[in-house]
Amino acid sequence: MNRGELDQFKRVLRAFAALLLIIGMALLFLFVWKEYYNLRVVFPFYYRGHWLIVVVYAIFVAIFFYIYGGLKFGYLTYSSIVLSQVLAIICANILTYLEIVLLSAKFVGIYPLIVMTAIQVVVIFIWTAFISVTFIKIFPPRRLLVLYEEYNPSLMAYKIKRRNDRYKIEGYINIKETEEEDLHETIRKYDAVLIYDVHSIERNKILKFCYSESIRVYVTPKLSDILIRSSETIDLFDTPLFLMRNSGISFEQRLIKRIMDIIISLVVLVITSPIMLLVAVAIKLYDGGPVFFTQERCTKDGKVFKIHKFRSMIVDAEKEGKAIPATENDPRITPVGRFIRKTRIDELPQMIDILQGNMSVVGPRPERVEHVRAYTEEIPEFSYRLKVKGGLTGYAQIYGKYNTTAYDKLKLDLMYIQNYSVLMDVRLIFMTIKIMLLKESTEGFDEEISRNIGDRGSEN
């Protein structure tokens, strides 16, 4: 069996593993339902009725598995997929409890569901470990050839090497220094090719060759690739056309998004008001300084507004007016500030900014005014991300990291803008919970990476 056929088998195995896990979770719920909850509802279920309630539960689990990425066996890391599945189960069980309360017309005991959740978590750890080991044995890391031109691929290679369970870089070739015939001969020896920031003319030649040879290709996209990828297909003529409207989010989408922002911000402000009051008192008692920290940020169409956070640093932490990024053990961070930064409570006042309409729950992170100017000078296309309001969370915040370059963050933000949907916003809101629990999302720079942080590639 060649690598291509093996990859098709991988998708089948992934689907089978996910299906068995969902069935296992549903059967556990069936036992708890029949033994405890069914007799407590207003109209108890019998025979096929039990299976109806279990199917509904299985659908809840499958939906939240999809939202959090819990179906991606062999794709995400073990820790990431376990966290995805645990969060999915917790969400599905909370929703199921509310369903049972409605069927019972009263609040019922939650203890059986808590015990069931604990058992499900143990099953998840064991099953996912077994599947992860199986995937590694059946599907060894893909032997990868990196093709580059004028830009050093070391930053990209650093990222790939962190997933040595999936990829093994075994060669680098600068295509400007290699004859086309020799390049083709070398490519045939590898499982896959990574085309790193190669100019479009040469890139197209390599893509066509790999397509003809059925060789897998990974490509770092240009901004123009992201725009084309989100285009509509026009079938009015016998010549295919791609339509790019380039108008950002539509009026209807903006209206729904604004309604969602108002509802979510009001609910969060009401629920977290006791926490916010305690934090405000703690900050005031510590040093007597202001409770809130405000800073000018850029949002849609370059509009400048003042963002609000709970103050986590000493007063006048940037008294010289110069931007000084916080470090892991920054002495300017107060004890109270260290706690609220770690738990992300310092971000809660931004719900006020969302309610006022200066921000959205989901969108590109609003940058400092001076940062926008600096990034735009280096990357003129950086202004593209200002087609929508800045957000508390977003595509780049979830799929990027603290040390993701400005150019890569721009690509991620543009993927969000160009492929926007209300369902995407909902998924990103749920994904934010997962990202808050992952340490890797806030990791800092190491010395080598910080030297390359401005690498923006080319648009040729």
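Taking the side chain as every heavy atom from C-beta outward, I417 and Y395 never approach each other to under 4.5 Å. In this structure, K389 and R258 have side chains that are in contact, with non-hydrogen atoms separated by less than 4.5 Å. Contact annotation: the side chain of E367 approaches that of F382 to within less than 4.5 Å [non-hydrogen atoms, C-beta and beyond]. Counting only heavy atoms from C-beta outward, the side chains of L28 and V32 never approach each other to under 4.5 Å. Contact of the L144 side chain with the D191 side chain is not registered, since no non-hydrogen atoms from C-beta on lie closer than 4.5 Å. With a 4.5 Å cut-off on side-chain heavy atoms, V41 and F43 do not count as touching. Put simply, the side chain of F305 does not reach to within 4.5 Å of the side chain of Q356, judged on heavy atoms. Taking 4.5 Å as the limit, some side-chain heavy atom of M313 sits within range of a side-chain heavy atom of I333.
The closest donor-acceptor contact from the side chain of Q397 to the backbone of G363 lies under 3.5 Å. Remark: the backbone N or O of D165 is not paired with any side-chain donor or acceptor of R163 at under 3.5 angstrom. Side-chain N or O atoms of K411 include one that pairs as donor or acceptor with a backbone N or O of P221 at under 3.5 Å. R311 contributes a side-chain N or O that, together with a main-chain N or O of P290, makes up a donor-acceptor pair within less than 3.5 Å. Judged purely by atom type and a 3.5 angstrom limit, T299 uses its side chain to pair as donor or acceptor with the backbone of G390. When atom types are taken as modelled, the side chain of Y37 and the backbone of V101 share no donor-acceptor pair closer than 3.5 angstrom. N93 places no side-chain N or O within 3.5 Å of a backbone atom of I90 that could act as its donor or acceptor partner. Although no hydrogens or angles enter the test, the distance criterion places no donor-acceptor pair under 3.5 Å between the side chain of R166 and the main chain of T77. At distances below 3.5 Å, at least one donor-acceptor pair connects side-chain atoms of R254 with backbone N or O atoms of I249. The backbone N or O of F125 lies less than 3.5 Å from no partner atom in the side chain of T128, so there is not a single donor-acceptor pair.
Nearest approach of Y57 to A92, heavy atoms of both residues: CE1-O, 4.4 Å. For Q350 against R365, the heavy-atom pair with the smallest separation is OE1-NH1, 3.0 Å. Between L428 and I398, the closest heavy-atom pair is O-CD1, 3.1 Å. A pairwise comparison of heavy atoms in F29 and I53 identifies CE2-O, 4.0 Å as the closest pair. The minimum heavy-atom distance linking I131 with A17 is given by the pair CD1-CB, 3.8 Å. Between R142 and A192, the closest heavy-atom pair is CD-CB, 3.4 Å.
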Derivation of the side chain to side chain contact (heavy atoms under 4.5 Å, CB included) call for L102 and L98: CA-CA 6 Å; L102 290 174; L98 296 177; 5.7 Å; no

Worked check of side chain to side chain contact (heavy atoms under 4.5 Å, CB included) between E99 and T96: CA-CA 5 Å; E99 178 191 14; T96 300; 4.1 Å; yes

ring-ring contact (aromatic ring centres under 6.0 Å, His included) between W33 and F45, intermediate numbers included: CA-CA 10 Å; W33 165 258; F45 286 67; 5.6 Å; yes

Audit row: L227, L223, side chain to side chain contact (heavy atoms under 4.5 Å, CB included) steps and yes/no: CA-CA 6 Å; L227 294 174; L223 296 181; 5.6 Å; no

Pair I429-I264, side chain to side chain contact (heavy atoms under 4.5 Å, CB included): steps then yes or no: CA-CA 10 Å; I429 289 169; I264 292 172; 3.8 Å; yes

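With rounding to the nearest 0.5 angstrom, the CD1 atom of I110 is 5.0 Å from the OH atom of Y97. One distance of note links CD1 of I195 with OH of Y218; it measures 12.5 Å at 0.5 Å rounding. Interatomic distance, R341 CZ to E347 CD, rounded to the nearest 0.5 Å: 9.0 Å. From C298, atom SG reaches atom CZ of R368 across 11.5 Å, with rounding to the nearest 0.5 Å. Here Y75 contributes atom OH and K10 contributes atom NZ; the two are 10.0 Å apart, rounded to the nearest 0.5 Å. Atom CD1 in I119 sits 12.5 Å away from atom CD1 in I89 (nearest 0.5 Å).
Counting non-hydrogen atoms of neighbouring residues, nucleotides and ligands closer than 6.0 angstrom, the NZ atom of K306 reaches no more than 12 such neighbours. No more than 12 heavy atoms of other residues, nucleotides or ligands shown are found within 6.0 angstrom of NZ on K168.
Remark: aromatic rings of F310 and F293 are distant, center separation not under 6.0 Å.
Residue pairs that meet the side chain to side chain donor-acceptor pair (under 3.5 Å) test with at least one member in residues 415-424, sequence neighbours left out, are S230-Q418, K257-Y416, Y416-D425, Y420-D425.
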Just list the side-chain donor-acceptor pairs under 3.5 Å for residues 63-74, sequence neighbours left out, or say none.
residue, atom, partner, partner atom, Å
Y68, OH, F430, O, 3.2

Could you pull out all donor-acceptor pairs under 3.5 Å where a side-chain atom in residues 278-286 meets a protein atom, sequence neighbours excluded?
residue, atom, partner, partner atom, Å
K284, NZ, G288, O, 3.4
K284, NZ, G289, O, 3.3

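Salt bridge annotation for R344-D346: absent, with no cationic side-chain nitrogen under 4.0 angstrom from a carboxylate oxygen.
Residues satisfying the side chain to side chain donor-acceptor pair (under 3.5 Å) criterion with T220, sequence neighbours excluded, are absent altogether. Checked against side chain to side chain contact (heavy atoms under 4.5 Å, CB included), I256 has the following partners two or more places apart in sequence or in another chain: M260, V422. In terms of the side chain to side chain donor-acceptor pair (under 3.5 Å) criterion, residue partners of D261 (sequence neighbours excluded) are, by chain and number, S360.
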